[in-house]
Each structure stands twice: as C-alpha cells, then as structure tokens.
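Below, all heavy atoms of this structure are taken into account, side chains as well, without hydrogens, waters or symmetry copies. All residue numbers in this chain count up from 1 along the given sequence.
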Amino acid sequence: MLLDIIKSNIPFQPYINTGTLFDYATGKFRQGIDGRWLLDGGFSPCNGIAGRAQTFKSSLALSFLAGAMSIHPHAECFAYETENAYGVERFNDLVPKDHPISDRIVFKNSTVCSLSDFYEEYTKITEEKISHRKDYLVESPFIDPRSGKPCKIWIPTFVIIDSYSRARSDKGDQQYLTNSVDDSGMNTLWLSEGNVKTRIMSDLPNRAAKAGLYVILTAHVGDKKDLDPYNKAPKQLQYMKNMDRLKNVGSNFEFLVTSLLQTIKAETMLDSNKQCEYPNTYSTNVEVNKVDTTLVRCKNNSSGMQMSFVVSQYQGILNSVTNFLFLKSNKAYGLDVTGNNTSFTPKLYNKSFTRKTIRDLTDKDYALYRALELTAQLCFIQKLWNTSRAPEYVHMPVNTFAEKIATCKSYTADRILQSTGVWSTSKQERERLTIMDILSILASEK
C-alpha cells in the first residue's frame, strides 16, 4: 500500500479497564489475539470527573483508579491531592486487604507541592518513559490488524489531580504571600491561575498519549452567572445543565479531556426504618449512597449516557450492588424475583440473595459476583449501545443466554463464572472471557 511508506513508532494506547460499568459507558470491543474480544474502555489518556460538593466525585475517581491498578500490578501512580482531605492510605481502603496498592503510589498534597511543582514532576515521568521506552513497553492481547502480531503497549502510569479546580501554581502562591486578601494585587489571581491551567491543559493530554500515562482530573461545578439576562450564554457542554459551569480549570479543560463524567446527585440509601439499605457486616447507616452521573463527554462511545453508581464512603464503588441496581432499574433484567420482591436469583447462577445479604455473599462467592456482572454487561450493551455494527448474537435474550451457559459443552458454567472480563498488561490469575467471547462461544454451539 502507498501508506506503508509512512512509519509510525507510536505504540497503540487502548483505554484501561477499571472493572466497573464505566468501562462499558466509555468502551467498545476489539478483536484480539486468538480471535478473542477485548473491551477497549475505561480510562483514556485524559479523563475528567466533575461535580458539585459532596457528590462523590473523588470517591468515583479513586475507585476507578484503584480498580485499574489492581488489574495492572506493575502500574504505578502519581497522586496529587490539593484539598488536604486524605492520604495515600485511602487507596488501600478501596481494594481487598491482601492486595494493597499504596506501595505503588507516590502521593503529594498541596502543602509540599504546588501545581507548578507537580507539572515539573509530570514532565519528568513522561520523559523517563519515552527515553527508556523498551523498559515500559510490553506485548498486549490486542492485535495489529496490518501485521497480525500483538500490539505493543505501554505499561500504564496513572496520574490523578484531586482537585484540579483547587490546584494552585507558584505564581498564585506568591500572590498570597505578597498580598493581603483584600489588596488590589489579588484581583488578577484567578486570571493568572486560569492562564497557568490553560497552558498545562494544552500540553498535558499530548504528553500522556506519547508516554502511556492515564490522567484523571477532578473538578468542581458551580453556577453559571449570566451578565446579560436577555442574552444568556450557551451550555458549557451539550449534556450539562444550563446553569452548570466548571470552576477554575482554565479554558481548555472541557475540550481536551477525552471523557468527562459529571456527578449529578448523591443520596444516602436508607430503608423504611432509616437503616442502611445495602448493609454488610461492618456497615453504618450513612455509609452507602447512590450517585447519579451523566457522561457529558466521551470520544470512544456515546456522550449523554446516564448511570448510577452505588458508593460506600469507606470502600468506594460497590460493584455488585451497582450492577444489581442497574438490573433492577431495567425491570429486573436477568433476575428471578420472589418473596414479594425481596429475594433475587440470577438466571446465570442458582443462588438467591436479598438487599441485606448481597454485599457479604458476593464478597465470598465470586461466581455470584460474576453472574451479576455478566448480566449487567449484557443488559448495558443491549439497552445503551448502538449495536448496528455488532455481531447479531449481542441481541441474544437473557433467558437464552442463561440456558446456553447451563448446557454449554465447550465451556462449563463454572468455568465461565470463574472467568474475568478485564484485560491486563500482566499475566492474569483468572481466565479472560469477556461478555462478547461468551456470547460468541454460545452462538457457535449447535
């Protein structure tokens, strides 16, 4: 081909799975080695999570990050926390006790590191990876369609700024040191901070894409103020509310993040007795919250998707409960319901649970966890994806899906329910079978 004369030395940079439904909101499937399907979804090189105060934007960001680091045991993280709200130990709360991740995280907060200092360290990381690329590149399960060989990809390096809205540059710090808060010299503070952040955002995503970095920025949302009531400013983004505005992030933020998840509302989940609706052995009444979100920007799938995450203030995203809530909101898709709507059994796995037992049971029984996960993934694809280019078998009814798993000859039900749907840059403990792999296997059997 004529274009063969153009050589590219840029490694393929897929999205990084987080092990949550966020991967399906931001992803799409690609065929990999041995004809297997891989979900190219989750973290892009530059991600934003924005919301008003106390809508769990930090909890979502840290949960996604902890999930991705658990999947990639050689990945490292540079965490910059600007509100002095938590320490590096917080990350270990979000993963199983026997798999801590804090030893792979360099953590700094704004008391020892300004935004300018952070960005200097960030550029060092990118330059180190680029100059020693052979040490950071590995073969992946993704396949190069031109050569038929596995794509080489970067071992991911994660970077989080929580929050970007509150990050302050050296210049901003200097203005606070040399002026009292009511001096006229402070009048230009927000302008100078905005200019620094705009310059950083102009460079940050490009560096991330060059060196296999995955950046997560949290941002505050406030009210938009129209100076002219007769000529109101347009929405900041199509799927944001008219009154919402991203605060103190510079002018390039909404254009250069590849995905932007907005937390819309959070509410404590209590039953009729004002007790925790989804308790476990150690829960408290105010622990569990439902967080409604909108994917207001997405370059890898459709913008505008709405989804809810169930979040523990201690453990972060509760995947099993989030998946169950999604199924329940879709007319109990893939669930048999008994006991006056109090007992639920996945069609994929004959084990019942209630709202009071789901957390403890799925913590102990991986097959139950996986049955809910696979059912939620199938439901998500069928209800929220445009499947015009997908194989016909993605429309397989959930009852048929469950029946075929139970009678599958080439893969036993137990083998399927002990698998994982995420891919990794390291050897995986569990066999990788995505929902698309399973559908393909079931559809091929007579």
Side-chain angles (χ1 to χ4, degrees), residues 14 17 19-42 71 141-143 145 301 319-320 322-324 326-337 344-353 361-362 365-424 428-446:
N17 295 168
T20 70
L21 282 179
F22 178 69
D23 302 342
Y24 283 78
T26 56
K28 57 190 176 185
F29 279 100
R30 296 179 182 272
Q31 278 198 296
I33 55 177
D34 301 326
R36 291 286 181 89
W37 290 96
L38 301 158
L39 181 63
D40 182 12
I71 295 166
F142 291 91
I143 193 166
N301 207 327
N319 273 327
S320 59
T322 297
N323 291 330
F324 169 64
F326 178 65
L327 297 173
K328 193 177 176 184
S329 67
N330 281 278
K331 301 180 180 179
Y333 180 100
L335 300 171
D336 291 324
V337 185
F344 305 87
T345 307
K347 294 182 183 296
L348 271 62
Y349 185 59
N350 188 27
K351 188 165 186 176
S352 299
F353 62 88
L361 287 176
T362 53
D365 188 345
Y366 181 81
L368 177 60
Y369 175 93
R370 183 69 168 137
L372 286 170
E373 181 180 59
L374 285 170
T375 308
Q377 290 169 357
L378 182 61
C379 182
F380 201 102
I381 291 170
Q382 292 180 349
K383 304 289 185 181
L384 297 177
W385 275 21
N386 183 321
T387 56
S388 59
R389 295 191 178 185
E392 184 59 31
Y393 50 69
V394 302
H395 302 289
M396 185 181 295
V398 67
N399 287 346
T400 305
F401 182 62
E403 291 166 5
K404 283 181 171 289
I405 284 179
T407 59
C408 185
K409 297 175 183 176
S410 53
Y411 284 77
T412 64
D414 181 65
R415 182 177 175 183
I416 289 172
L417 293 179
Q418 291 300 322
S419 68
T420 181
V422 298
W423 63 271
S424 175
Q428 294 176 268
E429 294 180 5
R430 295 184 181 274
E431 181 180 11
R432 185 179 65 251
L433 286 174
T434 65
I435 183 69
M436 288 289 281
D437 287 327
I438 297 166
L439 285 166
S440 175
I441 290 166
L442 299 180
S444 66
E445 287 207 340
K446 300 296 184 181

Just by distance, no angles: are the side chains of [X] and [Y] close enough, under 3.5 Å, to form a donor-acceptor pair?
X      : Y      : value
Tyr349 : Asp365 : yes
Thr434 : Arg36  : no
Gln418 : Tyr366 : no
Glu431 : Thr420 : no
Asp414 : Thr412 : no

Main-chain N/O of [Y] paired to [X] side chain as donor or acceptor, under 3.5 Å:
X      : Y      : value
Asn17  : Gly41  : yes
Glu373 : Ser320 : no
Asn386 : Ser388 : yes
Trp385 : Tyr24  : yes
Thr375 : Ala371 : yes
Gln428 : Val422 : yes

Search all heavy atoms of [X] against all heavy atoms of [Y] and return the closest pair with its distance.
X      : Y      : value
Ser352 : Thr345 : OG-OG1, 2.6 Å
Val337 : Ala332 : CG2-CB, 3.8 Å
Ala25  : Asn301 : O-CB, 3.2 Å
Lys351 : Pro346 : O-CD, 3.3 Å
Gly334 : Val398 : CA-CG2, 3.8 Å
Leu417 : Leu374 : CD2-CD1, 4.3 Å

[X] side chain near [Y] side chain, heavy-atom distance below 4.5 Å:
X      : Y      : value
Lys383 : Asn330 : yes
Gln382 : Val394 : no
Met396 : Leu442 : yes
Ser444 : Tyr393 : no
Pro141 : Arg432 : yes
Phe29  : Leu38  : no

Leu372/Phe353 under side-chain contact (heavy atoms from CB on, under 4.5 Å): CA gap, chis, key distance, verdict: CA-CA 11 Å; Leu372 286 170; Phe353 62 88; 4.0 Å; yes

Given Thr322 and Thr20, is the side-chain contact (heavy atoms from CB on, under 4.5 Å) satisfied, shown in steps? CA-CA 9 Å; Thr322 297; Thr20 70; over 6 Å; no

Kindly compute the distance separating [atom1] ([X]) from [atom2] ([Y]), expressed to the nearest 0.5 Å.
X      : Y      : atom1 : atom2 : value
Tyr411 : Ile441 : OH    : CD1   : 4.0 Å
Met436 : Leu39  : CE    : CG    : 10.0 Å
Ile438 : Ser440 : CD1   : OG    : 10.5 Å
Trp37  : Ile435 : CH2   : CD1   : 13.0 Å
Ile416 : Ser410 : CD1   : OG    : 7.5 Å
Phe324 : Asn319 : CZ    : CG    : 15.0 Å

Is the CG atom of Asp336 crowded by more than 12 outside heavy atoms at less than 6.0 Å?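 Yes.
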
Evaluate the side-chain contact (heavy atoms from CB on, under 4.5 Å) criterion for residues Glu403 and Thr407: first the C-alpha distance (whole Å), next the side-chain angles of each, then the deciding distance (0.1 Å), finally the verdict. CA-CA 6 Å; Glu403 291 166 5; Thr407 59; 5.6 Å; no

Suppose we call two aromatic rings close when their centres sit under 6.0 Å apart. Are Phe326 and Tyr333 close by that rule?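 Ring centres of Tyr333 and Phe326 not closer than 6.0 Å.
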
Test side-chain contact (heavy atoms from CB on, under 4.5 Å) on Glu445 and Cys408 and set out the steps. CA-CA 8 Å; Glu445 287 207 340; Cys408 185; 3.6 Å; yes

Is it true that Lys28 and Asp40 make a salt bridge, defined as a side-chain N closer than 4.0 Å to a carboxylate O?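 Salt bridge flag = no for Asp40 with Lys28.
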
